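Here's the structure we're looking at; comments come further down.
This is a predicted model, so every value here is computed, not measured. Numbered from 1 within each chain, the chains take letters A, B, ... in sequence-line order.
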Amino acid sequence: MRIEDTDRERNTDEALKVILEGMRWLGMDWDEGPEVGGPCGPYFQSQRSAIYQEHLDRLKAADRVYEKDGAMYFRLEGERYTAYDNYRKCDVEKVKAAPQVIDDQIRGRVERAEEQDFVLFRRNGEPVFHFVNVVDDLTMGITHVIRGEDHLSNTSKHCELFKAFGVKPPVFAHIPLILKSNGPGKMSKRDEGSLVEEYQRRRFVPEAVRNYLCLLGWSPKDDREKMEIDEIIRLFDLPAINSNNARFDEKKLSFLNAAYLRDMPAERFVKAAWDSLVGERALTEKGIDVDAWGDEERRYFEEVMNLCQEKVRSIEDLPDFVAYFFTEDYRIDEKASTKVLKKGEPKARLTEMRRALEGLDSFDEEPLEATVTALSGRSGASTGEYIHPTRLALSGINVGPSFYGLMRVLGRERVLSRLDRFLERL
RNA sequence: GUCCCCUUCGUCUAGCCCGGUCCAGGACACCAGGUUUUCAUCCUGGCGACAGGGGUUCGAAUCCCCUAGGGGACGCCA
């Protein structure tokens with residue numbers, strides 16, 4: 001792990017922390033680098049000035065450097081001529097340099113010729129990216145350079161430098177870029193959804209994010225999509241990466257996230273839910289006094305989460321999904337209400353339901369289901385005609401976890417009193 | 001403008017290197033059913049693509065060329 005912080009303006013400790021934490025969150029660690037150490041340090045480019053100076057001197061000794069406007073330029077070899085540059089709108093000096101051949105692991109043979117000398121050191125004495133990148137790669141013993149395709153055109157610069165230093169370039173692999181989900185162009189730092197921190201903050205499952213990213217530009221060649229990292233590592237191969245750019249699709253990420261939530265151990269789900277709902281006060285914001293909770297409430301919380309794990313799509317959705325479990329002061333959603341109450345005779349059904357539940361001695365799923373089935377058999381109304389209004393009465397909304405589980409977890413007392421209250425308002 | 005890369009369903013992709021088994025397979029999304037009828041789960045089905053044009057060939061998604069489109073680079077940013 002090398003930190004490329006040659007641009008003083010943009011580098012802060014905060015930015016570094018975010019990068020390191022983001023990497024670790026995704027499950028990626030490093031055996032050499034910041035906070036770990038290693039034989040090739042320092043791992044911050046801002047601390048490697050002496051190395052860069054020494055390498056600049058080597059190029060100077062080989063007469064490949066000259067100064068212009070206070071900056072140090074790399075001198076390309078080849079015939080020089082002046083031409084009007086339609087991009088810069090002025091005359092510039094160009095060089096007929098030999099094309100550099102890049103044997104890219106993903107794109108195959110790519111040939112490109114640099115045609116202008118480029119800056120190595122800025123006027124302020126700091127080296128630029130292209131230079132430090134090459135120097136670090138060769139002094140740190142880098143064997144593979146795997147980076148975005150946006151660097152493919154820069155690679156001819158890097159090859160020129162490797163050649164000037166008399167070393168063989170590392171293996172290159174230019175991977176496809178991620179395009180933004182809406183609008184043209186590549187996804188960049190300022191785009192919605194482009195920062196790992198965002199998924200951390202929104203409590204995505206890190207494995208889901210990592211899994212989704214792996215699927216952008218790569219596939220195991222069979223139909224598998226949800227895969228453990230070990231399996232991906234086992235199957236992974238540079239040439240198997242696509243060369244075309246991929247558009248980011250948050251819907252699919254969300255699908256994978258839901259699958260990971262569903263499949264994770266219950267304890268992990270409960271912990272993630274707790275961290276968000278209690279730790280980050282998501283329930284407090286809904287007017288629920290979690291600070292007053294004791295052991296009983298904690299057990300109840302766990303039961304609620306066990307019930308909801310298979311149904312909820314994200315931790316983000318959890319507050320709205322479960323708030324009614326923890327307060328009697330839940331709103332009856334108007335849309336849901338209109339939708340549910342317009343069909344059949346909800347009041348009659350709810351009254352029957354109330355009566356039947358009152359006489360039930362167990363609130364386990366099976367007897368509850370048997371009760372509803374019996375009710376339906378007797379009246380000729382579908383079970384849905386009982387279930388829909390009851391769910392609305394108990395939760396205020398028309399979606400949620402398994403209906404019978406919902407009643408079991410709420411328990412007789414809450415169920416009956418909520419039904420009574422709802423019936424009074426009907 | 002110059003140079004580089006890319007082009008299979010709306011999206012992510014399999015197939016392409018080693019032409020026939022592909023009237024192109026899977027997944028997300030969407031739509032319709034089903035789970036002896038709760039729902040945002042789950043299951044089944046549907047919709048839906050080889051960018052266009054020329055070659056080569058008995059035969060092309062697969063090989064070649066052109067065009068178009070997309071992306072990238074051209075910073076004393078990284």
Side-chain angles (χ1 to χ4, degrees), chain A residues 4-7 9-11 45 68-73 83-89 92 94 99 102 104 106-108 110-116 118-130 132-133 147-157 174 176-177 179 181 184-186 189 212 215-226 239 242-256 258-259 261-262 308-314 317 321 336 340 369 372-373 376 382-392 395 397-404 406:
Chain A
E4 311 208 317
D5 56 350
T6 55
D7 186 357
E9 303 291 306
R10 294 205 222 168
N11 279 286
Q45 289 181 331
K68 195 174 102 188
D69 305 328
M72 306 304 286
Y73 278 74
Y84 181 73
D85 187 310
N86 213 350
Y87 177 68
R88 297 181 197 214
K89 308 291 178 203
V92 295
K94 295 198 174 181
I102 302 141
D104 193 277
I106 294 166
R107 281 151 221 279
V110 177
E111 245 188 65
R112 187 172 183 278
E114 264 327 292
E115 55 177 19
Q116 275 180 74
F118 52 92
V119 171
L120 261 20
F121 272 66
R122 303 182 182 106
R123 195 181 344 201
N124 69 4
E126 290 176 7
V128 303
F129 165 75
H130 301 298
V132 295
N133 201 258
R147 45 155 63 147
E149 198 232 47
D150 50 347
H151 281 302
L152 189 54
S153 305
N154 290 327
T155 307
S156 41
K157 279 191 190 70
H174 286 92
L177 264 22
L179 270 22
S181 31
K186 63 172 174 173
K189 293 178 203 116
Y212 177 68
L215 258 20
L216 249 29
W218 179 84
S219 92
K221 309 294 176 204
D222 53 31
D223 296 338
R224 279 175 302 167
E225 293 204 312
K226 183 164 179 276
N242 287 155
S243 38
N244 47 321
N245 293 165
R247 205 163 290 276
F248 193 83
D249 179 13
E250 51 272 274
K251 289 247 182 75
K252 185 139 187 177
L253 204 210
S254 157
F255 165 82
L256 272 172
L261 278 179
R262 199 167 57 237
C308 295
Q309 182 174 359
E310 64 165 8
K311 291 302 290 272
V312 78
R313 282 185 74 84
S314 67
D317 291 346
F321 200 80
V340 169
E369 184 165 2
V372 174
T373 309
S376 161
S382 71
T383 51
E385 285 181 66
Y386 291 93
I387 290 168
H388 289 301
T390 307
R391 176 190 291 280
L392 181 70
S395 70
I397 50 184
N398 59 347
V399 294
S402 145
F403 176 68
Y404 302 110
L406 164 73

In this structure, how many angstroms lie between the [atom2] atom of [N] and the [atom1] atom of [X], rounded?
{"X": "A:D85", "N": "B:A73", "atom1": "CG", "atom2": "P", "result": "16 Å"}
{"X": "A:F129", "N": "B:C74", "atom1": "CZ", "atom2": "C1'", "result": "15 Å"}
{"X": "A:D104", "N": "B:C6", "atom1": "CG", "atom2": "C1'", "result": "13 Å"}
{"X": "A:R107", "N": "B:G71", "atom1": "CZ", "atom2": "P", "result": "15 Å"}
{"X": "A:R224", "N": "B:C28", "atom1": "CZ", "atom2": "C1'", "result": "19 Å"}
{"X": "A:H130", "N": "B:C76", "atom1": "NE2", "atom2": "C1'", "result": "11 Å"}
{"X": "A:I106", "N": "B:G72", "atom1": "CD1", "atom2": "C1'", "result": "15 Å"}
{"X": "A:L177", "N": "B:A78", "atom1": "CG", "atom2": "P", "result": "18 Å"}

Open item on the list: Taking the side chain as everything from C-beta on, heavy atoms only, tell me whether A:Y386 gets closer than 4.5 Å to A:T373.
Closed with: no
Mind listing the closest non-hydrogen atom pair of [X] and [Y] along with its distance?
{"X": "A:S153", "Y": "A:R112", "result": "O-NH1, 3.0 Å"}
{"X": "A:N242", "Y": "A:W218", "result": "OD1-N, 4.5 Å"}
{"X": "A:R313", "Y": "A:K251", "result": "NH2-O, 4.5 Å"}
{"X": "A:H174", "Y": "A:I106", "result": "O-CD1, 3.6 Å"}

So does [Y] get a backbone contact from the side chain of [X], meaning a donor-acceptor N/O pair under 3.5 Å?
{"X": "A:N398", "Y": "A:A336", "answer": "no"}
{"X": "A:Y212", "Y": "A:D249", "answer": "yes"}
{"X": "A:D69", "Y": "A:A71", "answer": "no"}

Who does [N] pair with, Watson-Crick or G-U, both distances under 3.5 Å?
{"N": "B:A68", "value": "B:U7"}
{"N": "B:A73", "value": "B:U2"}
{"N": "B:G19", "value": "none"}
{"N": "B:A24", "value": "none"}
{"N": "B:A61", "value": "none"}
{"N": "B:C39", "value": "none"}
{"N": "B:C31", "value": "B:G45"}

Determine the interatomic distance between [atom1] on [N] and the same-named atom on [M]; round to the nearest Å.
{"N": "B:C9", "M": "B:G72", "atom1": "C1'", "answer": "26 Å"}
{"N": "B:A29", "M": "B:U41", "atom1": "P", "answer": "8 Å"}
{"N": "B:G52", "M": "B:U11", "atom1": "P", "answer": "15 Å"}
{"N": "B:A27", "M": "B:G70", "atom1": "P", "answer": "31 Å"}
{"N": "B:U56", "M": "B:G19", "atom1": "C1'", "answer": "11 Å"}
{"N": "B:G55", "M": "B:A49", "atom1": "P", "answer": "26 Å"}
{"N": "B:G53", "M": "B:A68", "atom1": "C1'", "answer": "10 Å"}
{"N": "B:A51", "M": "B:G69", "atom1": "C1'", "answer": "7 Å"}

Open item on the list: Under the rule for ring-ring contact (aromatic ring centres under 6.0 Å, His included), what residues qualify as partners of A:F255, not counting sequence neighbours?
Closed with: none
TODO: Could you check A:N133 against A:N154 for side-chain contact (heavy atoms from CB on, under 4.5 Å), going step by step and ending with a plain yes or no?
DONE: CA-CA 11 Å; A:N133 201 258; A:N154 290 327; over 6 Å; no
TODO: Starting from the 5' end of RNA chain B, give me the residue, A:D150 or A:D223, whose nearest nucleotide shows up first.
DONE: A:D223
Open item on the list: Closest-nucleotide mapping onto RNA chain B: is A:S376 or A:A113 further toward the 5' terminus? I mean the 5' end.
Closed with: A:A113
Heavy atoms only, 4.0 Å cut-off, all strands: where does [X] land among base, sugar-phosphate and nothing?
{"X": "A:E126", "value": "nothing"}
{"X": "A:G70", "value": "nothing"}
{"X": "A:E149", "value": "base"}
{"X": "A:H151", "value": "base"}

Open item on the list: Between A:K186 and B:A73, is there a contact of a side-chain N or O with OP1 or OP2 at under 4.0 Å?
Closed with: yes
Task: Verdict with reasoning, A:R391 to A:V340, per side-chain contact (heavy atoms from CB on, under 4.5 Å) - done: CA-CA 10 Å; A:R391 176 190 291 280; A:V340 169; over 6 Å; no
Show each protein N/O and nucleotides 11-14 of chain B N/O combination with a separation under 3.5 Å, one pair to a line.
unit_1 : atom_1 : unit_2 : atom_2 : d
B:C12  : OP1    : A:R247 : N      : 2.8
B:C12  : O2'    : A:L215 : O      : 3.0
B:U13  : OP1    : A:G217 : N      : 2.3
B:A14  : OP1    : A:K221 : NZ     : 3.0
B:A14  : OP1    : A:N242 : ND2    : 3.4
B:A14  : OP2    : A:N242 : ND2    : 3.4

Open item on the list: If stacking means aromatic ring centre less than 5.5 angstrom from the base's six-membered ring centre, planes under 30°, is A:F121 stacked on B:C76?
Closed with: no
- [ ] Considering only NZ, NE, NH1 and NH2 on the basic side and carboxylate oxygens on the acidic side, decide whether A:E149 and A:K186 come within less than 4.0 Å.
- [x] no
Task: Selection from B:C74, B:C6, B:C28 that lies nearest to any side-chain heavy atom of A:K251 - done: B:C28
Open item on the list: Using a 4.0 Å heavy-atom cut-off to protein, can you give one letter per nucleotide of nucleotides 38-43 of chain B, 5' to 3': B if the base is in contact, S if only the sugar-phosphate is, - if neither?
Closed with: BBBSS-
